[in-house]
Each structure stands twice: as C-alpha cells, then as structure tokens.
Amino acid sequence: MMAAVAARELRDGEVTFVGIGLPNLACNLARALHAPNLVLIYESGAVGAVPERLPVSIGDPSLVTGSLMVCSMADVFQLFLQGGRIGVGFLGGAQIDRWGNINTTVVGPYAHPKVRLPGSGGAAEIAVHARRVLIISRLNPRAFPAEVDFVTSPGHRFHGRPRRELSMPGAGPVKVVTDKAVLETDPESGELVLAGLCPGVTVAEVQAGVGWPLRVRPALDAPAAPSAEELRLLREVLDPRGLYL
Amino acid sequence: MMAAVAARELRDGEVTFVGIGLPNLACNLARALHAPNLVLIYESGAVGAVPERLPVSIGDPSLVTGSLMVCSMADVFQLFLQGGRIGVGFLGGAQIDRWGNINTTVVGPYAHPKVRLPGSGGAAEIAVHARRVLIISRLNPRAFPAEVDFVTSPGHRFHGRPRRELSMPGAGPVKVVTDKAVLETDPESGELVLAGLCPGVTVAEVQAGVGWPLRVRPALDAPAAPSAEELRLLREVLDPRGLYL
Amino acid sequence: MDSKVVSMKEAIAAHVRDGDTVVIEGFTHLICFAAGHEIIRQRRRDLTLARLTPDLVFDQMIGAGCARKLVFSWAGNPGAGSLHAFRRAVESGALEIEEYSHFGMVARLAAGAARLPFGVLRNYMGSDLPAANPRIRTVACPYTGETLATVPALEPDVTIVHAQRADRQGNTQVWGLMGVQKEAAFASKRVVVVVEELVDEAVIRADPNRTLIPGLVVDAVVVEPWGCHPSYAQGHYDRDNDFYVDWEAISKDPGKLQGYLDEFVYGCADRAAYLARMPGLQDRLRARERTCAGVNYGF
Amino acid sequence: MDSKVVSMKEAIAAHVRDGDTVVIEGFTHLICFAAGHEIIRQRRRDLTLARLTPDLVFDQMIGAGCARKLVFSWAGNPGAGSLHAFRRAVESGALEIEEYSHFGMVARLAAGAARLPFGVLRNYMGSDLPAANPRIRTVACPYTGETLATVPALEPDVTIVHAQRADRQGNTQVWGLMGVQKEAAFASKRVVVVVEELVDEAVIRADPNRTLIPGLVVDAVVVEPWGCHPSYAQGHYDRDNDFYVDWEAISKDPGKLQGYLDEFVYGCADRAAYLARMPGLQDRLRARERTCAGVNYGF
C-alpha cells in the first residue's frame with residue numbers, strides 16, 4: 001500500500017534521490033507504470049540506474065551496471081544535491097514529528113542514548129536541498145511523537161523557528177505516506193495534517209497513531225488500494241523474495 | 001644550454017609541474033638521461049606523461065596517450081598542487097626581479113598597459129605551492145629589472161615583506177637558469193645572486209643583463225656546456241624541428 | 001523522452017542571447033570553434049566571454065565584435081604568439097577584463113557548480129592579482145584562524161561543451177583532457193553539448209564511469225563532427241598546430257582578421273561549408289587508432 | 001623505480017600504528033575487509049576509525065577492541081539491521097564518537113585532500129547535528145554575507161583503499177562506485193592500495209582516464225584477490241548479502257561475535273586461509289561477464 005501510494009506521487013521525468021527499501025520499490029514501480037523516464041539517483045553515485053534485481057543496498061552493483069553515469073560522492077552531494085538538481089528526495093525515520101522533523105540519530109538524550117540509531121547518512125542534506133521531500137513510515141505513536149528527541153533532518157519548524165527563516169533551498173517534507181493515512185504539510189503553519197485515509201481506516205485510528213492533536217482537512221482524499229497491476233509488479237517483479245513487502 | 005642546465009637540476013623520481021617550451025625540453029632531456037622516473041604533470045591534467053612527440057602546447061594529445069592518469073583541472077590544482085604533491089615547478093616570464101618576483105601580466109600600469117601579456121595561467125599558484133621553483137629565461141636588462149611592473153607570481157619579497165611572513169607552503173624560486181649565467185636565491189635576504197657563469201661569460205656581462213647591483217658568490221659554479229649526448233637528444237630526438245632551440 | 005538534438009543554428013539561436021555570460025570551455029582539447037563561429041554569424045553582442053584560456057576562439061569572437069567583457073586566466077596563443085584582437089581591445093580600453101589565475105577560475109566554476117557563493121583557495125599571497133581584481137578576497141578559517149583567498153562563484157548563462165559522444169538526452173562521455181568541462185556545465189543556467197558522434201543510450205550505459213556530464217543538466221545536443229577544428233578531439237583528430245601558428249599573422253592585422261572572418265565564418269553557412277573550404281584537412285589530421293580494452297561491469 | 005608491492009601483513013605492520021586515525025573507505029563497494037582483519041590480527045589499539053558508513057568492517061574492529069573513537073555519518077547494516085558491537089560500545093560509553101552527515105564527511109575528506117583547513121557546505125540549518133558536534137561551525141560569505149556551514153578537514157594517518165587493479169607503483173584504476181576513495185587517499189599521510197589484480201604499467205597507460213589514484217600518493221600495494229568479501233568488487237564478485245543478514249545475529253551476541261573473530265580472523269593466518277574456510281563461496285559470488293568496449297586514445 002505505502003509503496004503504491006508513494007509511487008503515484010512521482011512525476012515522469014523527475015529526478016529522484018532514492019533510498020533503499022520502500023522508496024526504491026516505489027520508484028521502480030512508478031518507472032514500470034506512469035513514469036518511465038524517472039531518473040533514479042542513489043547517494044552512492046549511480047545516476048539513471050536501471051537495476052536488474054531488487055537492490056539490497058544503495059551501493060548494490062546492480063545500480064551501476066547499465067546506469068547512465070557513475071560519479072564520486074563529492075559530485076553527488078556538491079553538484080547534484082546542493083546544486084539543486086534533485087526534484088524529489090525520499091526519507092524515513094525512527095521518529096517524525098508534528099513539523100515534519102525527522103530523527104534517525106538517537107532515542108533519548110544524545111550523550112546518553114537509550115537507543116543509538118544509524119545517524120543522518122545523506123538525510124540531513126536531502127531534507128535541506130531536494131525540491132520536495134516525501135516521507136514513508138508506518139503509523140504508530142512511537143514513530144510520530146509531538147516532538148522528536150533529536151532533529152536529524154529538518155522539517156518545517158526548528159525549535160520554534162519556521163523553515164523560511166532558515167534559508168533552506170528545498171521545500172522540505174510535503175507529504176507523509178503511511179500504511180493508514182496520508183499526511184500533508186499545511187502551507188501556513190508547516191504542521192502535518194491529515195489529508196487522506198486508506199480504505200477502511202477511521203480518523204480516530206490515525207489520531208491514535210500520532211502524538212499531537214491532529215488537524216483534519218475538511219475534504220479527505222481516499223488513496224485507492226493497490227491495483228492488481230501494482231500488486232503484481234510489486235510482488236512478482238520488484239520484490240519477488242518479499243524483502244520489503 | 002638553458003635546457004641542458006635546467007635538466008641537470010631535476011632529480012630522479014621527482015614530481016615536476018611542466019610548462020611548455022624549454023621546461024618541457026629540460027624535463028624530457030632529464031628523463032632520457034639521469035632521471036628516467038621523473039613524473040611529469042601538466043596543468044591540463046596529464047600525469048606521468050610520456051609524449052611521443054614534442055608537445056606544442058600543455059594540452060597536446062601526445063601528453064594524454066600513454067600517460068598514467070588524466071584528471072580534471074580541479075584535481076590538478078586542488079589535489080596535486082595545493083595538496084603539496086609537486087616537487088618542482090618551472091616558470092618563466094617577461095620580467096623577473098631582484099627578489100624572484102615574476103611578471104607575466106602587463107608592462108606598464110595594469111589599468112593602461114603598454115603591453116598586455118597573457119596573465120598568470122597557473123604560474124601564481126605554482127610559485128606559492130611547488131616545493132621549489134626553477135626559472136628559465138634569457139638574460140637581458142628588460143627581462144631582469146630591479147622591480148617588476150606587476151607581481152604575477154610571488155618570489156621572496158613582496159612590496160618589502162619577506163616570503164616567510166606570507167605563509168606560502170613552497171620555497172619559491174631557488175634558481176634562475178639563463179643563457180649566460182645561473183642565479184640563485186640568497187637564503188638570508190631572498191635576493192637573486194650570481195652563482196654560476198656559463199663558459200666564456202664574464203661577471204660584467206651578467207651584471208649588464210640585470211637591473212640591480214648583482215651580488216656575486218665568492219665561489220662561482222661553472223655549468224658545463226651541453227655534452228654531445230645532451231645536444232644529440234635535444235636536436236635530434238626532442239626538438240628535431242627546432243621549435244624551441 | 002523527447003530528443004534534445006538540434007542544429008547548431010537552432011542551439012545558438014535558442015540558448016545564447018545578447019548580454020549573456022558565455023563559457024565555451026575545453027583546455028586546448030575539445031574547444032568548440034563551431035559554436036563560436038555560429039555565435040559570430042548570428043551577430044550576438046555585449047557578451048561576457050569567460051574561459052580559462054581565451055584561445056583563438058575568443059580572439060575571433062572579440063575580433064568580430066561579440067564581446068563586451070572577458071573573464072580569463074591566461075590569454076595567449078601557446079608556442080605561437082599572442083591573441084592580437086584581444087590585445088588590441090584591451091590596450092585600447094574597448095574590452096573590459098576580469099582576471100584570475102587558472103586555480104582561481106577553476107575554483108570559481110567549482111563553486112558555481114556546487115551552488116556555493118564562493119570558492120576557497122590557498123593562493124594570491126605575495127601577488128598583485130588581488131589589487132588588480134577586487135573580487136579576489138579573503139576569509140578566516142573558523143578552526144585555525146588563518147587567512148585564505150576566496151573567489152566568487154561563476155554561474156554562466158550558457159556553457160558550450162564539446163565532447164566525443166553523447167546520447168539524444170545529452171548524457172555525455174569524454175576522454176583525454178577534461179579541463180573544467182564538468183564544473184562549467186553544472187555551474188551554468190543553460191548547457192549546449194556538441195559532439196563528434198551521437199550514440200545510442202546503450203553505448204553510454206555500457207560504460208557509465210565514462211560519463212562526464214549527465215543529460216539532466218543539458219538543454220541541447222548538437223552533432224557536429226570536426227566541430228573543434230583547429231582544436232582537437234582525442235581519438236578523432238589532432239590539433240591543427242599549423243593554423244595556430246598562422247593565427248599570429250592573421251590576428252596581428254585587423255584587415256587580415258576581417259578577411260578570415262569573411263571567408264571562414266560569415267562566408268560559411270555552417271560547419272560543413274567550413275570544412276569544404278579546406279580539402280585535405282581531414283586526411284592530414286585524422287587520429288590514428290589506439291583503442292584501449294574495456295572493463296567488466298558484471299556482478 | 002622499486003616496486004611498492006608487499007604482503008598485507010607487511011603493509012599493516014609498516015603503515016598502521018596504535019593511536020592512528022585509520023580510514024578504510026568504499027561505499028558498499030570495495031570495502032577492504034582483508035585489511036580490517038589483518039589490523040585485528042596485529043592487535044592494533046586506540047585507533048580512531050573514520051568512514052562514512054562504518055559497515056561490518058568497523059563493527060568487527062570495534063568488537064575486537066581496536067577502536068577508541070569512531071568518526072562517521074551512518075552506522076547501520078543496510079536492509080539487515082544494526083551494527084551491534086558499535087551500538088553496545090556507544091550505549092555503554094566505551095566508544096567516543098564524532099558524527100556528521102554524509103555530505104559533511106565528504107566535505108571533510110575533500111578539504112583534507114586539497115590541504116585546506118575546512119570545507120564549506122550549505123547545510124545543517126534546522127538540524128541538531130551542530131549542537132551535538134561543536135566541530136560543525138559556520139562562516140560568512142565574503143561576497144553575499146550569507147552564513148554557510150563548515151566542517152574541519154580530515155587528514156587521516158593512513159587510508160586503505162581497495163581497487164580492481166593497480167601497477168607496481170600504485171597507479172590505481174577503479175570502476176563502478178567510487179565513493180570518496182580518491183579524496184580519502186589524497187587526504188591521508190600514508191596510503192595502502194589493495195587490489196584484485198596487479199597489472200603491468202602498460203595496462204594503466206592504455207586507459208589513463210580510468211586512473212583514480214596516482215602512484216605518487218601511494219605507499220604500499222597489496223595484491224589480495226577477494227579481499228573485499230563480504231563487500232564486493234564490480235566485475236570480480238558480488239556482495240555477499242547473506243553474510244550481511246547473518247551479521248545481525250552474530251553481532252547481537254558478544255559470544256557469537258568472539259566466536260566469529262576466533263574462527264574467521266584470528267584463526268586465519270591470511271586471506272587465503274579465510275577463503276579456504278568457505279568452499280563454494282567463489283562459485284556463488286563470481287561476477288558474470290559484462291565487458292564494455294574501449295575508446296580510442298589516438299591522435
């Protein structure tokens with residue numbers, strides 16, 4: 001469901017900074033359906049990748065073979081990302097808060113973490129520079145607190161200061177695709193609000209999954225369940241071994 | 001004569017930033033004789049070049065074919081030169097002064113030049129970064145004024161300030177090879193002094209070729225005239241068409 | 001996706017405008033004279049021309065009256081003499097100049113490519129260049145306190161890059177000297193790639209490490225074999241060193257320069273006509289075969 | 001010139017010292033586990049390990065007690081879980097950390113390679129990373145006045161780079177993902193190159209654009225086929241994704257981790273012995289043929 005909904009967000013020809021797992025599935029699903037000219041860029045340096053198998057990591061050799069370009073990571077970050085060439089970046093995280101801030105660093109205090117998470121990787125700079133950011137995450141109250149323990153990747157409000165004061169080139173997170181609902185950023189406040197409900201899910205169930213009083217759009221979208229074709233591609237072609245689904 | 005004397009200055013295995021013309025002849029002469037492992041780097045990006053013909057420019061295709069590496073100019077300047085990997089740089093210029101400052105920019109005032117020269121190219125940064133600099137130039141009073149009209153590439157004293165105050169990584173010009181004599185930098189004052197006389201040349205002739213009262217080392221070297229082997233290589237192998245000799 | 005392939009006439013008409021800052025890069029190698037000539041033919045004016053080494057291509061454009069200003073680091077005709085149209089224009093005050101060293105120009109384009117407002121380099125201490133060019137400034141290191149030189153980013157309106165080959169989308173592969181082609185392309189608002197050979201996307205994808213410029217920064221692809229002459233394209237044709245020597249006498253005499261432009265630029269509708277005026281040229285300069293082995297991209 | 005080829009044992013003994021800052025780079029691709037294992041066997045201590053992605057190789061070295069500090073930007077086992085030796089060491093306070101993002105680490109190595117004291121990037125606004133790491137600072141642009149982030153240069157004592165091939169002087173060619181290998185090598189005081197294949201200088205010279213690291217920055221060359229396993233070498237062998245999955249259970253249990261080290265590191269005199277313990281491995285992972293065409297370097 002999440003991969004299918006995220007895939008529909010991608011526009012043909014768009015330059016997409018791809019992470020591993022669901023974002024990779026979503027991008028390759030979009031490429032197989034409505035966006036054959038999507039340009040996939042991985043932070044490892046593969047540009048225009050056409051992986052013959054489901055890549056297990058962003059450095060998988062299948063991303064290199066047959067790609068349009070392989071460049072250094074200095075080029076990826078300086079020329080492609082900071083250079084403003086990336087249309088969409090995908091992010092996920094252990095915690096996502098009301099303002100779209102993402103934490104992939106620590107649960108608990110930084111100096112004495114309860115759980116040490118992997119850290120930023122390229123996420124901090126993707127959140128700053130990609131023209132827009134899509135977040136994919138399962139909905140539950142641990143993952144969606146009112147405030148993250150640590151802001152790894154900036155959303156729309158940082159310790160009270162709005163994004164527009166912080167001179168970030170990209171628009172930041174515009175949409176959060178979850179297994180139950182779609183949240184979107186309110187253009188005024190920068191707050192994540194409920195914008196769409198998956199089939200069979202209630203507003204109360206979504207509210208129970210987030211740690212702040214969730215504002216609800218007056219007219220809610222109803223993202224369609226994955227079509228037979230989407231399911232077939234995901235299950236039989238893109239992830240036949242069920243690594244991510 | 002100049003090419004042969006300059007060639008003898010090069011040590012085997014040394015990494016040398018090569019300019020076109022006489023420096024190129026000197027380097028390839030050294031490579032053919034006592035320094036077979038000299039690594040020639042050209043600002044165009046050719047590293048470890050083994051030109052099959054006398055290159056007419058530092059961007060000649062013969063510098064690429066069979067070289068060890070071709071890199072971008074950003075790498076040449078950032079990684080090789082500023083990175084401190086260059087042992088020797090060769091420079092020449094329209095004017096060289098008492099302190100080894102070199103002018104390749106203008107004769108006359110900058111805003112209203114009498115003669116507009118080519119400019120710095122890579123010379124300014126070679127003079128800053130190469131571990132040592134060798135200068136090659138014909139001796140005459142126009143070429144060796146007491147003070148250059150414009151300091152393109154720094155020597156040992158800049159408007160009165162000694163080089164050591166200016167935080168330059170390289171040692172600067174250590175030797176000037178001319179058609180009549182060899183000048184060297186006095187380690188105390190940073191001034192060019194007479195260190196060697198070519199066969200048959202008098203101190204008075206050299207003094208007549210420079211625009212300041214030239215100090216003379218108590219014991220002068222006597223650079224040998226080119227050997228038969230040096231002449232054969234220069235005239236028959238390295239520059240058979242007499243482009244630079 | 002739609003092909004980006006257009007004629008040189010169309011590419012220059014669409015992407016080079018009066019008053020633009022125009023970069024035609026390539027260090028000795030892959031200098032696109034075909035584009036310079038078309039800009040002259042289309043009589044662009046008030047251009048700011050930027051290149052490390054103006055070379056003959058900018059001397060011709062200056063001689064033809066296209067330029068208001070030149071941004072550069074070394075303006076000569078290596079081994080052969082001077083760029084006399086440039087020298088006349090500077091010495092008479094007709095041409096504004098903005099001057100750096102090679103490292104400064106490289107750092108300007110690298111900063112532009114990375115969308116940083118400035119580049120940092122350890123340079124220019126003990127040189128009169130910063131006095132001549134107030135855009136060369138300094139910054140203090142936030143760690144050591146030491147002073148380093150800075151140059152402002154260069155973000156051209158349009159960059160023209162010649163290459164051995166590209167596909168219809170502008171995914172461009174180069175070998176031999178690469179100069180600052182990648183940095184210039186990424187720094188630029190618009191990019192025109194001119195190639196010796198248009199190839200299928202599969203050729204690019206077979207050796208992705210060879211790609212220097214991705215199609216996603218390219219606006220137009222022009223197929224113009226021998227488009228660099230008298231500059232060269234490794235593996236295709238050698239530099240016409242004789243013409244570089246001849247340029248000394250041509251550029252020294254404004255009348256001869258005008259005669260050259262009349263015959264070889266205005267008098268030629270396009271590159272094919274230019275080449276037709278020099279029978280024997282291609283036989284004289286065509287590259288010999290020296291093909292390397294491929295590498296295995298399998299997994 | 002004398003050959004720089006030595007055994008892995010000799011290279012580590014000569015170039016990796018207690019207390020050093022050690023970089024073993026390679027982004028997923030070309031991670032030199034053979035070197036990591038030899039460092040463990042030679043019982044180096046108090047190392048500062050630096051890498052963008054610590055990966056299993058640093059988790060093993062941390063588990064073996066080699067490390068005092070880790071400098072990194074993403075510490076996980078992609079798609080498979082965590083680096084549990086790393087997590088235990090951090091959560092218990094036994095391991096000091098210094099943390100950046102990927103872009104920050106790239107900028108640190110690029111600055112080190114260029115011998116600049118700092119790197120500039122447009123980043124970290126709106127993030128808690130600068131609060132967690134006071135070495136992330138800012139600088140004001142001398143042209144626009146805007147504030148940009150800085151990171152300090154990283155200049156490792158020794159960098160170990162794996163590559164497909166090099167000659168005896170260390171002129172090194174790489175294809176597929178290049179990560180920050182070039183920057184790390186140039187930034188480092190000493191450089192060890194480990195290769196799948198030692199080739200004649202003529203092979204390097206036949207395709208000079210493929211050279212990533214010149215011999216003049218290399219101190220030692222080690223020939224160690226399959227030296228990356230469980231990482232991979234494009235054109236030689238695939239990544240052992242099964243082992244990355246297995247590592248989750250091994251690293252989670254300190255006893256199992258010790259058992260792994262005893263069997264596959266301490267219990268193996270060298271890489272050949274390691275490979276001998278896994279019959280069938282090479283058949284399972286050997287790369288298929290997918291060789292590209294060469295290009296013409298003639299003139």
Side-chain angles (χ1 to χ4, degrees), chain A residues 11-17 31 34-42 44-57 59-88 125 128-131 167-170, chain C residues 1-4 107 109-117 119-120 153 155 159 163 165-174 178 180-189 191 193 199-219 294-299:
Chain A
R11 301 162 197 158
D12 196 24
E14 209 161 30
V15 180
T16 309
F17 211 88
R31 223 162 48 82
H34 64 280
N37 302 306
L38 205 63
V39 181
L40 308 188
I41 298 188
Y42 293 79
S44 56
V47 177
V50 285
E52 284 171 11
R53 68 181 184 197
L54 183 67
V56 176
S57 78
D60 197 274
S62 68
L63 301 173
V64 164
T65 315
S67 67
L68 285 172
M69 178 180 193
V70 177
C71 64
S72 71
M73 291 185 76
D75 285 355
V76 168
F77 288 104
Q78 289 173 349
L79 306 188
F80 285 91
L81 189 56
Q82 186 174 264
R85 307 293 183 169
I86 304 297
V88 186
E125 40 265 9
V128 168
H129 286 286
R131 238 162 282 155
S167 302
M168 287 185 248
Chain C
M1 251 185 279
D2 292 343
S3 164
K4 295 175 184 168
L109 286 167
R115 296 288 182 259
L116 287 175
V120 178
E155 299 190 8
T159 286
R165 66 189 183 200
D167 66 18
R168 283 170 181 74
Q169 291 307 310
N171 294 293
T172 302
Q173 299 193 329
V174 172
M178 296 172 293
V180 294
Q181 304 272 31
K182 181 180 69 179
E183 291 80 2
F186 272 93
S188 198
K189 295 190 188 74
V191 175
V193 165
V199 296
D200 195 86
E201 192 180 293
V203 172
I204 303 295
R205 291 190 181 275
D207 191 1
N209 282 94
R210 198 77 82 185
T211 305
L212 189 70
I213 299 170
L216 63 94
V217 307
V218 174
D219 297 280
V295 298
N296 185 10
Y297 278 96
F299 59 88

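Atom set for the values below is all heavy atoms of this structure, side chains included, hydrogens, waters and symmetry mates excluded. Every chain is numbered from 1, with letters handed out A, B, ... down the list of sequences.
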Asker: Chain A heavy atoms under 4.5 Å from Ala113(C): which part of the residue, side chain, backbone, both or neither?
Answerer: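 Both parts, backbone and side chain.
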Asker: Quick check: closest heavy atoms across Tyr297(C) and Thr65(A), and the distance to 0.1 Å?
Answerer: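 Smallest interatomic distance, heavy atoms only, reads O-OG1, 2.9 Å.
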Asker: Using heavy-atom distances under 4.5 Å, tell me whether Asn209(C) contacts chain A through its side chain, its backbone, both, or neither.
Answerer: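 Both backbone and side chain.
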Asker: Could you check Asp75(A) against Lys182(C) for side-chain contact (heavy atoms from CB on, under 4.5 Å), going step by step and ending with a plain yes or no?
Answerer: CA-CA 10 Å; Asp75(A) 285 355; Lys182(C) 181 180 69 179; 2.7 Å; yes
Asker: Residues in side-chain hydrogen bond (donor to acceptor under 3.5 Å, both in side chains) with Arg11(A), at least two apart?
Answerer: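 None.
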Asker: For Ala111(C), which atoms come within 4.5 Å of any heavy atom of chain A: side chain, backbone, both, or neither?
Answerer: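 When you check distances to chain A, no heavy atom of Ala111(C) falls under 4.5 Å.
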Asker: Taking all non-hydrogen atoms of both residues into account, name the closest pair between Pro61(A) and Phe299(C) and its distance.
Answerer: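 The answer is CB-CB, 3.5 Å.
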Asker: Looking only at heavy atoms, which two atoms of Leu216(C) and Val47(A) are closest? And how far apart?
Answerer: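 The pair with the smallest heavy-atom distance is CD2-CG1, 4.4 Å.
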Asker: Give me the atom names and distance for the closest heavy-atom approach of Gly48(A) to Arg205(C).
Answerer: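 Residues Gly48(A) and Arg205(C), closest heavy atoms: O-NH1, 2.7 Å.
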Asker: Give every donor-acceptor pair under 3.5 Å between a side-chain atom in residues 76-85 of chain A and any protein atom, sequence neighbours left out.
Answerer:
from	atom 1	to	atom 2	distance (Å)
Gln82(A)	OE1	Arg122(D)	N	2.8
Gln82(A)	NE2	Ala114(C)	O	2.8
Arg85(A)	NH2	Phe186(C)	O	2.9

Asker: Please report the shortest heavy-atom distance between Leu68(A) and Glu201(C), naming the atom on each side.
Answerer: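 That would be CD2-CG, 3.9 Å.
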Asker: At a heavy-atom separation under 4.5 Å, does Val64(A) approach chain C through its side chain, its backbone, both, or neither?
Answerer: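 For Val64(A), the contact with chain C is made by backbone and side chain together.
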Asker: Tell me, out of Val217(C), Ile213(C), Leu212(C), who's got the most heavy-atom pairs with chain A below 4.5 Å.
Answerer: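 Between Val217(C), Ile213(C), Leu212(C), the count favours Val217(C).
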Asker: Checking heavy atoms, do the side chain of Asp167(C), its backbone, both or neither come under 4.5 Å from chain A?
Answerer: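 For Asp167(C), the side chain is the part near chain A, not the backbone.
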